[in-house]
Structures are given as structure tokens and as C-alpha cells.
There are 2 protein chains.
Amino acid sequence: MERPIDIRARILEEATRLFASQGFDGTSIQAIAGAVGIRKPSVLYHFASKELLHQAVLDEVLSRWNEVLPDILLVSSEESRFERVMDAVTSFFMEDPDRARLLLREILDRPEEMSRRISTFVRPWIDVVAEQLERAKRRSRVRESLDPEAYAMNVLSMIVSGIAIVESLSVVFRDDPSRKSHDRFVAEMIRVARASLYPHEVSADLGKHLEPHDG
Amino acid sequence: MERPIDIRARILEEATRLFASQGFDGTSIQAIAGAVGIRKPSVLYHFASKELLHQAVLDEVLSRWNEVLPDILLVSSEESRFERVMDAVTSFFMEDPDRARLLLREILDRPEEMSRRISTFVRPWIDVVAEQLERAKRRSRVRESLDPEAYAMNVLSMIVSGIAIVESLSVVFRDDPSRKSHDRFVAEMIRVARASLYPHEVSADLGKHLEPHDG
DNA sequence: CCTACCGATCGGTAGG
DNA sequence: CCTACCGATCGGTAGG
């Protein structure tokens, strides 16, 4: 039972989990090896250095991001593009909150390196979305006072950070059934993003991302 | 010139800066000693262990928080309380973005410990603000669909995270005069928080936090 | 993929 | 506040 299958993938999996929760400096190769069930030099056989393993973990997250986003930009009509992108980004990070924690840590740990990555991976579709919002503004379909680029970056930042830390924030809620306050926080995050976009009240289908939890 | 004055305060100052930018695990006592201009064991004379220094750094940030917030809650009228608290929180973290980075790192590194601290330091005034928002909702002064507790936590999360990482996100803007895109991001953050609160368009005095940079 | 081992650095102590 | 030093752990290598 449970044959090795692909040790390299197992190392990446555990490294992702540990880097996300303990940080790069807080995670030893020893700890990763232990989680996989092998010895330290075996990890270094598959990834020549800790830094290269770190790059591989980041590359995996960013390449999955690149699998999802371009399709959505192409497929969506201009009208629904922003909503679709926001839904896709939210789903992407809620699917595995370690992605959000990992990227947030990277921004804190290596701000200049991540600035370059953001230019490469984020700017292209921020540009597309911002352009669409700009046009929508001229047609008065979104608020006059909205700053399209700044708005798009704020929504992205809010989603990534929010999903990364929601578990620790949930203690504040007077709720109890564990998962409930997590969902309330995320649903309100989406409401804030939408409500600050449109000039009028909207009662859109909030909370659609939460369905998997509800059953 | 530049006499020692208070070495203990200097250690706290450099430790705060380094913990915020490199993280706890990424900062050695050696590095802190070097920044202060003393030797490693001298740091450990003033703070018996790295962990105790870490606690002292956090305690200082949280006690400054406690100096500012309670007064604002007491002084503000119920009508303006939320706006006042949001302004105070924004000012607090923009005054020294290391505070935001430090707290964000703590939430990522020690989620359970920080949950307890959040219960102690944040919940009390989230409760007050949420109660006010609840009453305002009944009087239809804020949006029907708004979840007061979740909204307050989202705004707090957005402010802390946004200020912590704004420098890395600013590369996306087509701006150039360096500081400008930083300000645009923060101004839009405040606009998003306000616009998603009220049922009607508001043209409040946005960007008042940005004055120090402009003048 | 392992055992055995490397120099460097870690947090921390002794003793002044 | 310093020099000198401790054991433990770090990332990484040799060699099979």
C-alpha cells in the first residue's frame, strides 16, 4: 500500500505546506524530509539546494495560476470579465489557502523579487481588467470616484490576504459552528468588493464560493 | 554626539525593524546586535532570550495600539465612531508600516497565539463598532446586506495587509513619481471601505491620511 | 535513496 | 557591556 509513486511531487507537496505555515527560514530540509518519510540528503538529491526547492514550489503555484487566468480573460465577455476574474482568483486561493499564505510570505520576505514577479504574472491581467473598468466608468456603469488600477490591486490584495489569515481572524465572531465564521468573512469580502464597484445597490449571488463547504 | 541614551530602546527599535522585514526565524541575535552596534551577548543581557525579545517587540506594538484606540472609542460620537476608528487604525499603521508587517507575520507564524491576542486586543472594539453598525442598519443608514462583524474584520484585515505590502504592489501602476502609486493604493482602499458601507454614493474627504506625503 | 561527515552559524552561558 | 566558549542544528557534500 502507498507506493512511492512520485517522490519529487511528495517533496514539493510537503515543502509547500511547510513553507506556507512556518516560512522558508522556519522550515529545515530535515523537517521536509521527515514529513515525506525520507532522509535529508535524499531531498537534496531531487532538489540541488533549499533555494532551488523554494523556486520550484513558487513556480508550481504561479504556473497553476497561469493555467487558470488566461482562459478566463479570453472566454469572458467584456461585461462580465471583472466578476469572472474575481471569482476565479477567489476560487484559486480558497481551493488551497497555502497558495495565499505562500505568496503573502514571499511579498514580506523578498519584496523586490516579488515586485518583479507581480509585474510578470499580475500586471498583464490587471491591465486588461483596469481597461474594462475604465470603459465601464465612461458609461457610468461603475462609480465615478473609482481608480481602476488601484481598485483591482486592492481587491486582489484583499482576497489573497483575507484567505491567508481568515482562520486566525474567525475567533472574533460570536458564531460557533466552527466553519461558519470563516464563510461569513469570505462572503463579506466579496460583498465589499462588489458594493464598492457599482454606483447602485446590487444583490448579486454572493457566497457562491462557499458551496463546497456547505455540502 | 549620539550618546547611548537607552540601549534597551535601541535594541527594541532594530529588532522591530528586522523582525518586520526578515521575520523572527530570518533574524539572528547577531544581526540585531550588529544593527545596534554591540555584541551578541550584550543583547542577551538586556533580553534574556530571543523569545523574550520577541515578546517585548510585540508588547510594545500592542501597547501603543492600546494607547490610541480606547480614547477614540470614548471620544467619538456614535454617529462618527466607525469613521474615526478606521482613520485611527489607518494612521496607526501608516505611521510605521513595520507594525503592519510584524502583526501580519505573527498571524502567519503563530496563528493560534495570535488568535488569542486578537480576542484580547481587537474583539472589544470590533464589538463596539459592530453594535453601532447594527443600529445604523436598523435606521437604514448603512447597507441592508452588510454583516457588521464580518465587515469590521474585513476592513481591519484590508488596512493591515494593504499597508504591509503596498510597496511591493505599487510596481503594477503605470504611475511613475515613486510615492504617487503608494498613495493611490491607500486612498482607493479607504474608498472601498466607505463605498461598501453606505447605501448611497458618498464623496467624503478621502485621502486625508496622505497629506504628510504631499506637503 | 542511504550513512557518515563537513564547516558555519545558531541561541545561549561563563566569567569578568 | 565584553571575550571566549558551549552543544545543537543548519545547508550541503562524499561516496556508495
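Residue numbers start from 1 in every chain, and the chains themselves are labelled A, B, ... in the order their sequence lines are given, proteins ahead of strands.
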Legend entry - Counterpart base for dG11(C), defined by Watson-Crick or G-U wobble contacts under 3.5 Å: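 Partner of dG11(C): dC6(D).
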
Legend entry - Pairing nucleotide - dG16(D), Watson-Crick or G-U, each distance under 3.5 Å: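 Matched dG16(D) with dC1(C) under the 3.5 Å cut-off.
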
Legend entry - Under-4.0 Å salt bridge between R117(B) and D59(B): yes

Legend entry - salt_bridge(D87(B), R194(B)) N-O dist < 4.0 Å: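 Looking at D87(B) and R194(B), the cut-off is met.
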
Value in whole Å for how far the [atom2] atom of [N] lies from [atom1] of [X]:
X      : N       : atom1 : atom2 : result
E51(A) : dC10(D) : CD    : P     : 17 Å
Q30(A) : dG11(D) : CD    : P     : 9 Å
L44(A) : dG15(D) : CG    : P     : 17 Å
I29(B) : dG11(C) : CD1   : P     : 5 Å
Y45(B) : dC2(D)  : OH    : C1'   : 12 Å
H54(A) : dC10(D) : NE2   : P     : 18 Å
I7(A)  : dC2(C)  : CD1   : C1'   : 13 Å
I32(A) : dG12(D) : CD1   : P     : 11 Å

Legend entry - Selected nucleotide, minimal atom distance to P41(B) side chain, candidates dA14(C), dA4(C), dG12(D):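 From the listed options, dA14(C) comes nearest.
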
Legend entry - Criterion side chain to side chain contact (heavy atoms under 4.5 Å, CB included) against L169(A), the qualifying member of I126(B), I118(B), V122(B):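 Only match with L169(A) under side chain to side chain contact (heavy atoms under 4.5 Å, CB included): I118(B).
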
Inset, instruction - Using only heavy-atom distances, decide whether a donor-acceptor pair under 3.5 angstrom links the side-chain of K50(A) to the base of dG12(D). - result: no

Inset, instruction - Determine the contact category for S28(A): base if any of its heavy atoms lies under 4.0 Å from a base atom, sugar-phosphate if only primed atoms, P, OP1 or OP2 are that close, otherwise nothing. - result: sugar-phosphate

Inset, instruction - Measure from the side-chain N and O atoms of T16(A) to the backbone N and O of L12(A), and report whether any donor-acceptor pair falls under 3.5 Å. - result: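 Yes; judged by distance alone, with no hydrogens or angles, the pair exists.
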
